[in-house]
Amino acid sequence: MKALILVGGFGTRLRPLTLSVPKPLVDFANKPMILHQFHHAKILLDQNLKQGYSIPIEALKAVGVSEVVLAINYQPEVMLNFLKEFEAKLGITITCSQETEPLGTAGPLALARDKLIDDSGEPFFVLNSDVISEYPFKEMIEFHKAHGGEASIMVTKVDEPRNRIELRPTSIEKEVFPKIAAEKKLYAMVLPGFWMDIGQPRDYITGLRLYLDSLRKKSSSKLASGAHIVGNVLVDESAKIGEGCLIGPDVAIGPGCVVEAGVRLSRCTVMRGVRIKKHACISSSIIGWHSTVGQWARVENMTILGEDVHVCDEIYSNGGVVLPHKEIKSSILKPEIVM
Amino acid sequence: MQSSEEKVVAVIMVGGPTKGTRFRPLSFNTLKPLFPLAGQPMVHHPISACKRIPNLAQIFLVGFYEERELALYVSSVSNELKVPISARLTVLYLTIGPCCTACFRYLKEDKPHGSAGGLYYFRDVIMEDAPSHIFLLNCDVCCTFPLPDMLVEHRRNGGMGTVLVIKVSAESANQFGELVADPTTNELLHYIEKPETFVSDLINCGVYVFTPDIFTAIQGVSTHREDRASLRRVSSFEALQSATRTHPTDFVRLDQDILSPLAGKKQLYTYETTDFWEQIKTPGMSLKCSSLYLAQFRYTSPHLLASGDGTKSATIVGDVYIHPSAKVHPTAKIGPNVSISANVRIGAGVRLSDCIILDDVEIKENAVVMHAIVGWKSFIGKWSRVQASLVMQLLHAEGDYNAKLGIAIIGESVTVEDEVVVINSIVLPNKTLNDSVQEEIIL
């Protein structure tokens, strides 16, 4: 059985992070987004139906998907290099279907048609790669086969249906599904648990909370513990945390990070190679790769630092969105973009 | 005066991919030296100026961009001139006059060596033809490049080097290198880079001519550094910062390390220009400099400027450049100070002024673009409006950075939908604007 993962697009909503890498390679919970599909394979191969809290690929593997097609249109060479490493490791064939221009959601489907349809008549999955959720693929397959229709769509109750589905050209949601629905061949299955589009910073931070929460429910050993930890916190084993810190809740600290003494972190992501200097305080923010946050700096309210950004000592950032390779020498009092 | 065997070479410093951010967002998708001003890549203007130097033997571009990034430019220049290129070295021969050719090469540094260090690093190649004089130009300087006159003055002065200088307002002088020159002999008496207090309103334009002794002088600085610790001049602000960068011994800056110490020793002289001079550091400046070069075309290359009165072709006002492949509807009104690049399509009733329209842009009917740069492959919808307000332009001219560059910038592959207004805003590549925006950066 095959799956098509929609990876295309420029990821402009996740700028400035996507100014440095293509969106699927932006780290989420210390792993590139798409890599969430490539880990936990062993856990999910367990035939026990544990609700997989990771994102696509291992979950797909658990239900017998042998080949994954990635529909990409941006920096394909970066993605392909990245994928080479993992294809062998996981025993899933990964191929890329490259759009020469963005085709929306249904376009890539049409383009990848040859790769997806084979004589087996087996159904195939279509997934949006920046959605995280619990993926009950097994139930979905059973549901789909049972109703005999053409397409099954996962729906979930959301509190705020604001623009959850981006309307793009030839959108599956806008154009294809209504057609199938009119023919009474579309069935909806309510998705238990959560569904979150982590394609923009606010949702990214909320998504991290949900993801770490799901790890907690599985009693994952990956979560950190200790006197200086509050709530759900993920700390890469190569990261160093100093004395007198208070970390959490809902924090991810990436590889090679250095968190000096007396630092307070909450509801934030600290990416690879970041140094947080003494006495700094960071909340509800994303600190991009190899950045530094100075002593006594206070960074909060959806501050997003791109790659290699240096916040000087004692600086305050209230929602600053800072492009890569900048130095912040004066405080940002209200949300603004620093280019 | 000069023997017919005395050769001259020119070296143009083009820089490389630095972490510099001042040219954003234009620097995201293009190399700064290749950004077009008045329809030609930025580096083309100093190259053209070099071609007027008598007995020019070679033009070198020195920088640390990857060769393949500039190879496209070098080969496109070659295609226009229909001369062969050596694939390995991207060597190209420019015909500059009867029985005269100049060799044109890109020399890539493995890492930045500083303005003088780069020159020294390639001294063997530069001295290949045993030139008597070496011009050194910065690519991101916009001026008339009065190189032949500079050379004449330099020979008269008899020193090691002559620096092109210009008078600026006293308030802005401290952004540059300030010089004091002897009013009769034009000798360079004193030089200081970006001083904290006012020294002089005469500043360094970044254009020089040297005799080969310059290499000895640069070498002297490098070995001097190894021998003993040198005092570094830092501003009082920098001195309070804990992080100070120490340069390797082969990083030699022309201003601080060569001009300053040699001032007042009868080695260096000045040549003053009274024409225009600007540094092309920000997108706002690129628009201004494009206009300056367009105005200059009126004297040097009037055939490059467009004309039209609305009957058979569009109404043209002031200085306008339109690439031959661009299509402009006859009911459009273009100018002043507009540069339109290749394959652009301008629809009926469009109004453009003070703008740079880059390759493959489509501007639909009745749209208005003023004081803006529209990036490659973008789409400007019907009745839409892209502009910077007059207030913002004035504030920017006075150095108020909060005025967000003084122009509106539409990045590469942006779609501005019909009837949308974009004022004093910057739109990064690959966005679609469905709603009007003012004073915003659209990431």
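Please read all numbers here as calculations on a predicted model, not as lab measurements. In what follows, every heavy atom counts, from backbone to side chain, and hydrogens, waters and symmetry copies are set aside.
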Exercise. How close do B/Arg24 and A/Pro324 get, heavy atom to heavy atom, and via which atoms?
Worked result: NH2-O, 2.7 Å
Exercise. Rounded to the nearest 0.5 Å, what separation is found between the CD1 atom of A/Ile337 and the CD1 atom of B/Ile442?
Worked result: 7.0 Å
Exercise. What distance separates B/Lys431 NZ from A/Arg15 CZ, expressed to the nearest 0.5 Å?
Worked result: 6.0 Å
For this session: For A/Arg272, look at atom CZ and say whether over 12 heavy atoms of other residues, nucleotides or ligands are found less than 6.0 Å away.
Result: no
Exercise. Should A/Met339 and B/Arg22 count as side-chain neighbours, where that means a heavy-atom distance under 4.5 Å?
Worked result: no
For this session: Check the surroundings of atom NZ in B/Lys108: do more than 12 heavy atoms from other residues, nucleotides or ligands lie under 6.0 Å from it?
Result: yes
Problem set entry | Candidate list B/Leu443, B/Thr21, B/Ile441, test side chain to side chain contact (heavy atoms under 4.5 Å, CB included), partner A/Leu323, passing option | B/Leu443
